[in-house]
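Structure, as structure tokens:
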Amino acid sequence: MTAPLLQLTCVTKSFGAVRALKGVSFDLGAGEVHALLGENGAGKSTLIKVITGAHQPDGGTIDINGERVAHLTPAAAHKLGIACIYQQPALFPDLTVAENIALRLEPATAAHRVDWPVRRTRAAELLHRIGAEISPDAEVRSLSMPEQQLVEIACALGAGARIVIMDEPTASLTQKEQHLLFAVVRDLRASGVGVIYISHRLEEIFALADRVTVLRDGESVGTRLVGSSRRELAQTSSAESQSGPTSAATITESELIKLMVGREVSSIFPPAESEPGDVVLSLDNLGCTAGGVKNITLDVRAGEIVGLAGLVGAGRTELARILFGLTPADSGEIILNGQRITITSPQEAVAHGIAYVPEDRRRHGVILEMPIAHNMTMAIHNRLFPGTWLRFGAERNLAQEFIRNLAVKAYGPEAPGGSLSGGNQQKVSLARWLATKPKLLILDEPTQGVDVGAKSEIHKIIRRLAKDGLAVLMISSDLPEVLGMSDRIAVLRGGTIAAMLPGKSDAHAVMAAALGQTEDSR
Amino acid sequence: MKRYFRELSVAAALFALLAGLALFAPNFYEPAPLLSRFAAQAPALVVAIGMTLVIISRQIDISVGSQFGVCAVVAGTLAAMKLPLVVVLLASVGTGAILGAFNGVLIAGLGLPSIVVTLATMVTWQEALRLGQQGRFINLPPGMQWMGLSQVGGQRALVALAVLMVAAFAWALKNLAAGRHVYAVGSDAEAARLAGIHPKGTTFGVFVLMGGLVGLAAVMNIVQSPQVDPNAGGGLELKAIAAAVVGGVAVSGGRGNLWGVFVGLLLLATINPALTYLHVEAYWEKAIQGLVILLAVVADGLRSRRGKR
Amino acid sequence: MSSSSKLNGWKSALLRHESVLLFLVLLEAFYFNAVGRNFATADNVGNIIRHSTEIGLLALVMMPIILTGGIDLSVGSLLGLCAVLFGKMCQEGGFSPLVAGGITLCIGAAAGGFNATLITWLRLPPLIVTLGTYSLFRGLAEAITKGTATYSKFPQAFLDFGNGALLGLPNQAWILLAVAMGVWLLIHQTTFGRSFRAIGFAPEGARYAGLPVERRVAMAYVLAGIVAALAAILFTARVTQARADAGIGYELLAVTAVVLGGTSIFGGTGTVHGTLLGVVAVAILSNGLSRILSISNVSRELSGMLTGALLVLALASGLLSKYIAAWRARRGVAG
């Protein structure tokens, strides 16, 4: 048997205190489509970055074409025939499509003469092969996100890559573009290329993949064969992803969901103790074209945790950004405590008693260089420091109180935010917003990249807050968390609410609504 | 058309200005002073080429005026020793390249912001020059001026050289991989790294090139007079930056082309004589130059604001 | 109180940037006192203060701007423009220096507001905006004076003020002290300084914390404009005339003093007392050199050159301490 194209053995990678990969093994054969599945924060992107040389693993080995690679850099990975299509395309916005493709394909030697006609015809040909109707002369900045992704795919195709990684390539593609993409993937497989295919959409995995590996919390929890795909491929010539997987793969589908969800018992979540009170926030047909959100109608009551589930790009964070005034709404109404309000800036949101604990805690949640005391009081300058004069004693007391109440592990209020572990940073970010004494608390992935202990602490805190009468809107991609914590679950899909489910629903129902499977699989 | 909107509108402004001069001050077009004026702008044009590269790679260099002075004094000193023009030229270009490399090491190597680094080197070279030269002019041997040609011949040669340089660099920026790498690095350094381009090496190279071009410009300047003025580079950085920004080079990097800069410099260079011919006082030059820079960036800012909406 | 680098014990207090700088300043002073003539006399100290007031004022307001991660290259030119306008108002407009001074401060505020508008509203890079106004303000000054005119008809009281003293210290010293006190309070004792820091460290993070980022940034530039105008008036009083070339190159000296004083050019960290020490270091250097070198020209150029070199060194050392901090943070988390 020939060596696999790619073999990762026991790869580990940590960022500060967060262990993103805890010994993951993974292999990919020639002519294989190997799907990679896992919730957000499971370690997929880190694994991809290790394979493309963007991250150096802390431990473990990488073999490519049967040869051990000691130090994989992006350039070396490129040379070894590894191409990656990122979710956020790494393109040059100021340059044309033809040039973007060319810069990936041509050797990076300085004296090399550029042949524009060749660049243009090659780009046109590659774009034609994947059926994309994009002019090679268009500037990339003028393209939509899906169009940029198609350009990325054209790059990989043109590079003659032996290993192609696709990171949620269909997240923003139209139906037609998806079918073209599937055809491209099948072409690649037929020509002996190994494809690592990351997607949340199960139907795609069953339509395309030969094998699937599920990652959870930085570990590989299993690699399975996806039985039907080859056979189905042989039978159907065109890309009919809907008819294929229904009968043969239904069982595997629920197995997969089970693998992804894990077997965490929901009783570890603190139980709901309070009866929801009055409606705090009421959204009526809320929409925002820039954020891609439309027709959101939703009530959140005092003492209630409403979970916002859905896939990445379904509009959950965008909804939070609307409510926090970062991308103001352009249609519909926001009613807070019975009053119709407009929110056009974070300051206004704060003044209305809305708090938002953002997803990207290192960039938005905590200012890493500043002491945690300063971080905690940042949103209450007006209240804590009347007349703008800082009161260091009051600040310290407040910080110490939060450190105690939320059990923040730090050497003191003056410890810089960056010196804390992820979970403790999250608590600092939470403290900042609890200090504002909000009426509505929006949490965006409150436990992403947080270790298990801190995670359950944060869950207890959230529950306690709800019990004290706070209205909580919790965005989470962590299914057990959504199921275990929420009193009600709003599942978003395509920028609008696809389903309202009661708390303690089963994972299948949420996944199915998020994936849009309800009608498809029947 | 839309892509070259900026270049075309600057060209239109230049054309309008020239037309105004033709109507109200036709003696602007007398051949001899016109040629002198072109020749006097030739060194600035060569410096603007380098500045264009620097700004496309999302950096800035405000030390070029001081570099220009140092190169001019080095070249003048060697010329006074009756060394041949080729040696003088090579020495000047080499000096410029070394000064540029110094900036390049600090900016590309250490990752320091180019504005502060070049602010510091600007003053350091300028004061070092004053210390060494004490403002003294250097007298050049007779054969030096106009490179041994007649005045008209020398002026024509300088203008031709400058335009040739623009053409050569415009070609290289468009058709050599190295030129495209400058755009790539300025557009997105991280994406460039992923594509196997070395952003640090490219940035370093751009600064060395900038220095070399300044060295060339310094020689092009000293051959126009019998003496070397060590302060001749004053304000050159602003002129070069203004030409680049007005010519459509985006200060956010990755965009711009040399022909636009060429037209931009012509426009800037025409404003001042136009003021004189149209009986506006010449003291307004610097203010108008600043205003033109601001107008150019405000136009860009307004456009990107509208684009975001 | 240093907001970011509160480490443990006296060891780190000694290694803090300001302490090292203070040591350097003392070393400088001792050296010049030992080698030069009449360095440590009351006269010369007054001289040093008088001559470094304008740069000190500019550095004090450059500091908040650099703290927010921006830069203002136009302060030197604005000083020139304000000086000329002030002189013109006094000489040709018949205004008393007090009224003319008030108007000049308003003009400074407007000029700072102009920078601020372009930077915050149009989201243009501060570098290129202030480079444009650097040229514009100086150009306006030259246009008003037609390149040559100087204004020197000031009331005697005004000129006396420029070279007088109060309680043994030059008048300028008191103004510098007052402004330094004000900026120190602003940066270290109010929420404004806190906001500047947050914006410098992470502009997006500050926005997500609900801070009014645009308003705060604008405030820093307007403040710089007002104080540049004040510096222009003091400059005029000291040199007894207003010329278009007043304050050429001061923006560099101000930036140098700020960076030398330990403010990170990338924004976020820095102290006002560090900036003052930076001003003192630069001032002593140029004065001391003039005391030990006989040719006055040489000393001026040498000190200019050393200032530039000092800036590069300060930048590089700032980077070094950043690496060390990052290294410590990594070890701190791991251990």
Side-chain angles (χ1 to χ4, degrees), chain A residues 48-49 52-55 73-80 82-86 88-96 98-119 135 137-142 148 151-152 155-156 158-159 165 289-290 327-328 330, chain B residues 1-6 53 55-58 168 170-206 208-209 248-257 260 300 303-309:
Chain A
I48 296 312
K49 283 183 175 158
T52 56
H55 283 335
T73 60
H78 187 76
K79 242 181 234 141
L80 287 164
I82 298 173
C84 180
I85 296 139
Y86 289 102
Q88 293 289 321
L91 297 171
F92 303 101
D94 303 296
L95 307 180
T96 64
E99 176 145 38
N100 265 281
I101 294 174
L103 282 170
R104 295 285 188 80
L105 305 188
E106 292 165 7
T109 45
H112 164 81
R113 162 88 197 269
V114 173
D115 194 332
W116 286 99
V118 166
R119 280 183 160 188
S135 158
D137 295 322
E139 274 183 53
V140 164
R141 61 159 57 175
S142 69
Q148 292 191 20
V151 173
E152 283 272 1
C155 288
I165 304 163
T289 351
T327 37
D330 49 21
Chain B
M1 255 329 75
K2 211 175 138 198
R3 274 196 81 176
Y4 295 105
F5 178 76
R6 167 55 83 70
L53 300 184
I55 298 180
I56 288 176
S57 68
R58 204 188 272 178
W171 182 86
L173 268 181
K174 177 97 180 140
N175 292 311
L176 274 189
R180 304 317 298 173
H181 291 177
V182 176
Y183 283 93
V185 168
S187 186
D188 190 329
E190 180 58 18
R193 200 176 65 84
L194 289 174
I197 299 166
H198 301 288
K200 286 184 171 188
T202 308
T203 306
F204 178 77
V206 164
V208 173
L209 211 55
V249 180
V251 282
S252 51
R255 300 169 75 79
N257 76 72
D300 289 347
R303 206 161 39 170
S304 77
R305 243 182 110 89
R306 217 176 308 139
K308 259 181 218 132
R309 289 275 153 90

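Here CZ of R141(A) is found 4.0 Å from CZ of R255(B). Values are rounded to the nearest 0.5 Å. Here CZ of R113(A) is found 7.5 Å from CG of L176(B). Values are rounded to the nearest 0.5 Å. The line from OG of S187(B) to CG of L103(A) is 9.5 Å long, rounded to the nearest 0.5 Å. Distance NE2/H181(B) to NE2/H112(A): 8.0 Å, rounded to 0.5 Å.
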Distance-only check: which donor-acceptor pairs under 3.5 Å involve side-chain atoms of residues 190-199 of chain B, not counting sequence neighbours?
residue: E190(B); atom: OE1; partner: R193(B); partner atom: NE; Å: 3.3
residue: E190(B); atom: OE2; partner: R193(B); partner atom: NH2; Å: 3.1

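In this structure, G254(B) and D94(A) approach most closely via the heavy-atom pair O-CB, 3.4 Å. Taking each heavy atom of L95(A) and Y183(B) in turn, the nearest pair found is CD2-CB, 3.7 Å. The minimum heavy-atom distance between W116(A) and K174(B), with the atom names listed, is NE1-O, 2.8 Å.
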